[in-house]
Every structure is written in C-alpha cells, then in structure tokens.
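Working notes for the structure below.
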Amino acid sequence: MSTAAEQNPQEQENIQPENTEATESTATEQAEQPNGEATATEGGASEADELRDKYLRLHAEFDNFRRRTSKERLELFKTANQELMVALIPVLDDLERAQTAMKDAQDVNAVREGVELVFSKFQNLLQQKGLKAMDAVGQPFDADVHEAITQIPAPSEEMKGKVIDQVEKGYYLNDKVVRFAKVVIGA
C-alpha cells in the first residue's frame, strides 16, 4: 500500500510551501517581537534620560538660586545700615562743630542752645527712621515692654502695679520693642 504522499506528490509539494511560509512568518513574528521590545526599552531609556536631565538641570538651578540668595543676603547685611549711617553724618558734623565751639565759648547759653538744636535734629532723624520712645511712667506694668528694676511702696493706692519711675527709656522701632524700659514699680 502506498501512502497519500506517494499517490499525490503535488499535494505534498503544496503542503511544504505552506509549512515553509508558516515557519517563515513565525520566525518573522519572533524577530519582530524582540525589536518591538527593544523599541519600547529604547523609548523608556530615552524617557528616563530626559527625566534625569530635567532633574539634574532643576537641581543645578536650585543650587544657583541658593548661592545667589545667600550672596544677596550677605550683601544686604553689609549695607543694611548704610542709609541710616548716611543720614547720621550731618548730625555728626553738627556735634563736631559744637565740640569745637565749646572749646572757645564764653557764653554758656549759646553752647546750650547749639547742643539742644543738634539733639532735636538727632531726635527728628531717629523718628523719621521709625524709632519711637516709650511712655512708661504712670502706665500699668507690662512685662512685654518693661523691665522691672525694683519695687517700692506705692505713694497711693492707684499707683500699685504701675510704673512709678523710669530709670532708662525704652524704644520701639516700627512698633517692635528694640529696648525695654527699665522701670521702678509700685507695690
């Protein structure tokens, strides 16, 4: 008995090319799959590279910002008082002139008036810059703005717990206490 392949040699030839095509298409599909994965991997790698580059640039930009602000801050500290010092120069000039005038002066009243003028000029300048003296005498004691030096018996009942005397003035700079008033409190 003969097999079907022997009886129809043409059918077997037809079968072989189909199998060959199937094998070729399977090989092509297999070859494409690694390339497809490679393309996806390359896309992921390039995306990771882009993100890494963005991260490095952002980090460098932040470092530059930090250095720049630190430098600006140091510069600000160096020149923070420049405006005040420039404003104080005329008062210093007036004090030097008053000192020179006191050496040769015979009239004490003229010297006193000159010193009072310089003092009032100095006070006005400080007020323009935001410095304000505290009014402590007669006010209730407040530990936020007063520093108690001592307590004495109150001269009257209404002065208990209030400031009786001021040893040293306190000052505000733009509504912030820069020096506490040293006071005597009635007990």
Side-chain angles (χ1 to χ4, degrees), residues 31-103 105 111-151 161-185:
E32 286 177 3
Q33 283 178 352
N35 287 344
E37 289 174 5
T39 305
T41 306
E42 287 174 9
S46 67
E47 184 178 331
D49 288 342
E50 287 176 23
L51 290 175
R52 184 174 179 271
D53 184 52
K54 283 182 182 178
Y55 169 75
L56 290 175
R57 288 180 188 273
L58 184 64
H59 186 53
E61 187 176 325
F62 179 71
D63 282 346
N64 291 339
F65 168 76
R66 190 174 45 197
R67 280 190 214 111
R68 185 177 62 246
T69 55
S70 175
K71 184 179 177 183
E72 287 172 356
R73 215 168 155 202
L74 286 174
E75 192 67 30
L76 179 65
F77 285 137
K78 288 179 182 177
T79 61
N81 292 328
Q82 181 178 355
E83 183 183 335
L84 179 61
M85 293 300 133
V86 169
L88 286 175
I89 290 172
V91 176
L92 180 63
D93 293 339
D94 290 344
L95 286 171
E96 287 173 351
R97 284 192 286 274
Q99 187 178 25
T100 304
M102 281 192 296
K103 288 179 184 175
V111 173
R112 182 181 301 134
E113 287 177 19
V115 171
E116 287 175 0
L117 285 172
V118 173
F119 180 71
S120 69
K121 184 176 183 179
F122 184 63
Q123 278 187 321
N124 290 335
L125 174 71
L126 293 177
Q127 285 177 354
Q128 288 173 357
K129 298 297 178 184
L131 192 71
K132 179 183 167 192
M134 290 182 195
D135 293 326
V137 177
Q139 301 293 321
F141 176 75
D142 183 1
D144 292 334
V145 295
H146 301 135
E147 181 180 337
I149 301 286
T150 188
Q151 282 185 328
K162 292 188 178 182
V163 175
I164 294 177
D165 189 23
Q166 179 173 269
V167 177
E168 191 174 271
K169 277 187 179 182
Y171 290 95
Y172 295 106
L173 181 62
N174 299 323
D175 297 326
K176 180 184 175 194
V177 177
V178 291
R179 186 170 88 176
F180 295 98
K182 293 184 179 179
V183 297
V184 177
I185 305 168

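Separation of atoms CG (L56) and NZ (K54) is listed at 13.0 Å; rounding is to 0.5 Å. Rounding to the nearest 0.5 Å gives a distance of 8.5 Å between CG of L131 and CZ of F122. Between the OG1 atom of T100 and the CG atom of L95 there is a distance of 10.5 Å, given to the nearest 0.5 Å. One distance of note links OG of S70 with CD of E75; it measures 11.5 Å at 0.5 Å rounding. The CD atom of E61 lies 8.5 Å from the CZ atom of R68; values are rounded to the nearest 0.5 Å. For the atom pair NZ of K132 and CG of L173, the computed distance is 12.0 Å after rounding to the nearest 0.5 Å.
Judged by distance alone, with hydrogens and angles left aside, the side-chain atoms of T69 form a donor-acceptor pair with the main-chain N or O of F65 at under 3.5 Å. In this structure, H146 contributes its side chain and D142 its backbone to a donor-acceptor pair below 3.5 Å.
At least one side-chain heavy atom of R179 sits less than 4.5 Å from a side-chain heavy atom of E168. A heavy-atom distance below 4.5 Å is not found between the side chains of V137 and I164. Contact check for V177 versus M134: side-chain heavy atoms found under the 4.5 Å cut-off. When side chains are defined from C-beta on, D94 counts as touching K121, because their heavy atoms get closer than 4.5 Å. Looking at F180 and D144, their side chains never come closer than 4.5 Å, going by heavy atoms from C-beta outward.
Remark: K129 NZ is packed, more than 12 non-hydrogen atoms of other residues, nucleotides or ligands lying under 6.0 Å away. When the shell of 6.0 Å around CG of N124 is examined, it contains more than 12 heavy atoms from other residues, nucleotides or ligands.
Heavy-atom minimum distance, Y172 versus V145: OH-CG1, 3.7 Å. For V163 against A136, the heavy-atom pair with the smallest separation is CB-O, 3.2 Å.
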- Which is it for D165 and V183 under the side-chain contact (heavy atoms from CB on, under 4.5 Å) test, yes or no, and what are the steps along the way? CA-CA 6 Å; D165 189 23; V183 297; over 6 Å; no
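Of the charged side-chain nitrogens involved, at least one lies within less than 4.0 Å of a carboxylate oxygen, so that R57 and D53 count as a salt-bridged pair. D49 and R52 are not joined by a salt bridge, as no carboxylate oxygen comes within less than 4.0 angstrom of a charged side-chain nitrogen.
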